[in-house]
Amino acid sequence: MHLEETSLQLLKDSLKQLDAGFKKLPPASENASSPQDSRLAVVMNEVATKLQDNYPYFHPLYAGQMLKPPHPIARAAYALATWINPNNHALDGGRASSALEKEAVARIAAMFGWQEHLGHLCGGGTMANLEALWVAGQLNPGKKIVASEQSHYTHKRISAVLQLPFAEVPTDNRGRMDPSALEKMLAAGDVGCVVATEGTTGTGSVDPLPEILRLRERYGFRLHVDAAYGGYFTLASNLAAETRASFELIGRADSIVIDPHKHGLQPYGCGCVLFRDPQVGAIYKHESPYTYFTSSDLHLGEISLECSRPGASAVALWATQRLLPLVRGGEFAAMLEASRDAAVRFAERLANDARWLLPFAAELDIVVWGPRAKTVAEISALSQLIFDAAAKQNLHLALIRVPIKFFGAQHNLQASAADTVLCLRSVLMKPEHRDWLDRIWTILSRVADSAVGPVS
Ligand SMILES: Cc1ncc(COP(=O)(O)O)c(C=O)c1O
């Protein structure tokens with residue numbers, strides 16, 4: 001059996017404990033769709049068969065996009081909560097799960113050094129960034145949002161939704177925001193918020209916070225950190241010094257986004273937005289004629305844009321953090337370190353092999369590389385070929401279109417008329433990737449040799 005089953009027993013045992021909490025209620029008859037109904041088994045079998053049409057995200061040979069299943073404890077805790085189906089909009093709908101959300105979010109804030117904060121969970125990185133940029137826009141109405149040209153496309157779209165002007169800041173050859181280009185934009189005096197991405201989606205590049213913070217002192221702007229992907233690497237001990245220097249400063253931001261459904265071992269959708277100043281809660285102020293009556297304590301709906309939200313997400317996150325605390329040197333940190341280590345070793349192999357072109361060393365656990373060829377068009381065509389051929393050998397990679405400037409002068413690609421080149425990309429976000437590196441390499445080599453022919 002490839003798929004883990006331990007969570008099923010965990011779920012069964014914990015369900016009994018949950019049930020015991022309601023023993024004072026009179027028995028109620030089972031509803032019409034009881035699991036004894038044989039049609040349920042038929043439909044579930046059909047569902048399982050349909051779900052087979054997926055890439056194997058759980059397997060180490062899936063080394064493509066940012067996808068992996070949740071930790072078994074998250075899976076069991078989430079499923080357990082669905083027996084109650086709490087709604088974390090208000091304490092009316094999710095009393096216990098709201099308390100767990102507040103605790104879990106406070107632990108994430110503490111990871112960035114914040115003892116005081118305002119924050120909550122939400123549907124994912126897009127929703128979390130929307131809230132952060134909405135608050136930025138409320139505080140600096142009409143002013144520009146800027147983010148690097150390698151930032152997630154969501155920032156441009158969100159700015160359009162919020163009807164705020166948006167501009168892209170050029171990056172250096174390693175996909176990081178170029179501080180001198182940022183400074184030129186700031187000099188115009190119309191920037192209200194700078195989005196720094198600590199771990200870009202494409203290449204895992206980390207915008208330089210030391211320089212960006214120096215510019216904040218000079219020009220004054222709201223700093224939002226999009227650490228949807230990279231945030232948890234704050235706990236990793238094996239980052240390069242330059243990357244570490246930026247991660248140490250994330251807590252200086254005005255707002256932070258981090259996605260527990262990426263590196264936090266959670267099911268989708270679990271994003272998190274944090275604000276350094278709890279006073280921004282006033283911006284969320286609204287009246288609800290239907291809720292907020294059961295308690296004078298803070299209802300999470302009072303400080304979030306979404307209304308109904310799964311309390312199960314908070315339950316799963318709390319359980320995961322209880323088992324695997326967010327501390328340096330801990331078991332959870334070791335998982336991130338293993339992923340990072342896998343990326344470093346993989347990149348080293350690529351750099352030392354004549355068949356491949358490596359634009360730059362991985363900053364986190366994402367590696368981008370291309371097959372060596374004479375022209376940009378050939379590199380793009382070969383990347384596609386290798387991507388398809390590897391999938392047939394059960395090795396699932398990803399593709400990415402990157403600016404050719406990432407390859408710098410060393411590879412002599414700048415002569416091309418095209419500005420971008422299609423490359424291969426691997427997000428090595430499962431700790432098991434480290435142990436599977438030899439097998440991944442063997443398949444990749446076989447595929448490349450049959451696509452390109454062995455390089456002597
Ligand atoms: C840096 C970054 N920001 C934002 C997002 C959007 O997050 P979501 O897909 O959870 O909406 C992503 C997703 O990959 C991301 O990597």
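One-based numbering, in listed order, for ligands and for the atoms of each. Note that the structure is predicted; figures quoted are calculated from it, not measured.
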Under 6.0 Å between ring centres: does that hold for Tyr62 and His433?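 Ring centres of His433 and Tyr62 not closer than 6.0 Å.
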
How about Trp134 and Tyr284: are their ring centres within less than 6.0 Å of each other? yes

With a 4.0 Å cut-off, would you call Glu242 and Arg174 a salt bridge?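 Yes, charged N to carboxylate O under 4.0 Å.
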
Sequence neighbours excluded, which residues qualify as ring pair (Phe, Tyr, Trp, His ring centres under 6.0 Å) partners of His261?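 If we apply the ring pair (Phe, Tyr, Trp, His ring centres under 6.0 Å) test to His261, skipping adjacent residues, the hits are Tyr268.
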
Judged by modelled atom types alone, do Gln150 and Thr197 share a side-chain donor-acceptor pair under 3.5 Å? no

Polar contact flag, side-chain donor to acceptor under 3.5 angstrom, Tyr219-Glu183: yes

Identify all pairs of nitrogen or oxygen atoms, one from ligand 1 and one from the protein, separated by less than 3.5 Å, and list them with distances.
{"from": "ligand 1", "atom 1": "3 (N)", "to": "Asp226", "atom 2": "OD1", "distance (Å)": "3.3"}
{"from": "ligand 1", "atom 1": "3 (N)", "to": "Asp226", "atom 2": "OD2", "distance (Å)": "2.7"}
{"from": "ligand 1", "atom 1": "7 (O)", "to": "Lys262", "atom 2": "NZ", "distance (Å)": "3.1"}
{"from": "ligand 1", "atom 1": "10 (O)", "to": "Gly125", "atom 2": "N", "distance (Å)": "2.8"}
{"from": "ligand 1", "atom 1": "10 (O)", "to": "Asp259", "atom 2": "OD2", "distance (Å)": "3.0"}
{"from": "ligand 1", "atom 1": "10 (O)", "to": "His261", "atom 2": "NE2", "distance (Å)": "2.8"}
{"from": "ligand 1", "atom 1": "10 (O)", "to": "Lys262", "atom 2": "NZ", "distance (Å)": "3.0"}
{"from": "ligand 1", "atom 1": "11 (O)", "to": "Gly125", "atom 2": "N", "distance (Å)": "3.4"}
{"from": "ligand 1", "atom 1": "11 (O)", "to": "Thr126", "atom 2": "N", "distance (Å)": "2.8"}
{"from": "ligand 1", "atom 1": "11 (O)", "to": "Thr126", "atom 2": "OG1", "distance (Å)": "2.6"}
{"from": "ligand 1", "atom 1": "16 (O)", "to": "Thr201", "atom 2": "OG1", "distance (Å)": "2.8"}

